Number of protein chains: 2
Amino acid sequence: MMREIKRQRLEAKGWKIGSTKEFLGLSDQEAEYIELKLKLAEGLRAKRRQRRLGQTEVAKLVRSSQSRVAKMEAADQSVSIDLLIRSLLALGTSNPELGRIITRSHHPAGPR
Amino acid sequence: MMREIKRQRLEAKGWKIGSTKEFLGLSDQEAEYIELKLKLAEGLRAKRRQRRLGQTEVAKLVRSSQSRVAKMEAADQSVSIDLLIRSLLALGTSNPELGRIITRSHHPAGPR
DNA sequence: GAAGTATATGTCAAAAATGACATATTGTCA
DNA sequence: TGACAATATGTCATTTTTGACATATACTTC
């Protein structure tokens, strides 16, 4: 139970050394789902920085709030892939770009 | 108001001659979002048929119900991209495949 | 290190999505 | 045609997601 919470914390934040799956006891689908979410989250952050926007500004574009944008970029359990995609689109992500983001192999973060 | 209902009916089903956008009064993002949903919906149906499954069987795999699967394939407004993606993953869709589905240009249905 | 700005985290009421069920429609084949 | 299977549509109680707000933590620049 505590374990469940920790698991979500971890998986949501991308704190995994190797790939998400074998670190935690996840099914393939769950793992794929989370990795996808992580990719979208990173994609969003990248896109935002590329456009030199703050989370607050993105929030306006997306008609959401700064806190939710932060959660999106953190791939929080409380955000859906739906919202991530809508946000990416709102930032002007093209379809091919979206495809690339989703297809990309996922590299664990890196600052800046 | 009636108009809104009709609009949703239409957009949800993919009954558009050209592209979704100029037929209805949609913003670019809305249009892109809907087209994406349509692609995923078609992708799901394709995948299901490829695997020779009925909606009821897919429902089991996804832990949902036949009616919801039908709605997914119809790209109903009540289904999220989230659920579509989770279902595709449950049917064993690989990441590259997912990328292809999303990237594909969308061709309006065709029976069988 | 204070002041200012950006991002992160926690919480919650409202809104949207979900599974389930009933039922209607469509498709198939004898 | 009729009978049977598959898919579609409508509705609803429950669950999940959402925007918003408060507040905490992290970054900058002085």
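Sequence lines set the chain letters: A, B, ... in the order given, protein chains first and strands last, and positions in each chain run from 1. All values derive from a computational prediction rather than experimental measurement.
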Could you walk me through whether B:Arg104 and B:Glu42 pass the salt bridge (Lys or Arg N to Asp or Glu O under 4.0 Å) test, one step at a time?
-> CA-CA 11 Å; B:Arg104 268 206 275 270; B:Glu42 273 185 31; over 6 Å; no

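Rounded to the nearest 0.5 angstrom, B:Leu88 CG and B:Met72 CE are separated by 9.5 Å. Atom NZ of B:Lys71 is separated from atom OG of B:Ser64 by 9.5 Å, given to the nearest 0.5 angstrom. The distance from atom CG of A:Leu84 to atom NZ of A:Lys39, rounded to the nearest 0.5 Å, is 13.5 Å.
Remark: P of C:dA16 and CZ of B:Arg68 are 15 Å apart, rounded to the nearest angstrom. The interatomic distance linking A:Ile85 (CD1) with D:dT18 (P) rounds to 12 Å, in whole Å. The CD atom of A:Gln77 sits 13 Å away from the P atom of D:dT18 (whole-angstrom rounding). Rounded to whole angstrom, the span from the CG atom of A:Asp82 across to the C1' atom of C:dA16 amounts to 10 Å. B:Leu84 has its CG atom 13 Å from the C1' atom of C:dT18, to the nearest Å. Look at OH on B:Tyr33: it is 12 Å from P on C:dA16, rounded to the nearest Å. A:Arg86 has its CZ atom 9 Å from the C1' atom of D:dT18, to the nearest Å. One interatomic measurement links the two molecules: CG of B:Asp76 to P of C:dG19, which rounds to 13 Å at whole-angstrom precision.
Residue contacts for A:Ser64: at a heavy-atom cut-off of 4.0 Å it reaches the sugar-phosphate backbone alone, with no base atom in range. Counting any heavy atom pair closer than 4.0 Å across all strands shown, B:Val69 reaches no nucleic acid atom.
In terms of phosphate contacts, B:Ser80 brings no side-chain nitrogen or oxygen within less than 4.0 Å of OP1 or OP2 of D:dT17.
If A:Ile81 and B:Ser67 are placed on DNA chain D by their nearest nucleotide, the residue sitting closer to the 5' end is B:Ser67.
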Could you go through nucleotides 5-7 of chain C and list every protein N or O atom that sits under 3.5 Å from one of its N or O atoms, giving the distance for each pair?
| residue | atom | partner | partner atom | Å |
| --- | --- | --- | --- | --- |
| C:dT7 | OP1 | A:Arg48 | NH1 | 2.9 |
| C:dT7 | OP2 | A:Gln55 | N | 2.9 |

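With hydrogens and angles left out, the side chain of B:Lys71 and the base of C:dG19 share no donor-acceptor pair within 3.5 Å. Looking at B:Ser65, its side chain has no donor and acceptor atom pair within 3.5 Å of the base of C:dC21.
With hydrogens and angles disregarded, no donor-acceptor distance shorter than 3.5 Å links the side chain of A:Lys37 to the backbone of A:Ala75. The backbone N or O of B:Glu73 lies less than 3.5 Å from no partner atom in the side chain of B:Arg45, so there is not a single donor-acceptor pair.
A salt bridge links A:Lys47 with A:Glu97; the closest basic N to acidic carboxylate O contact falls under 4.0 Å.
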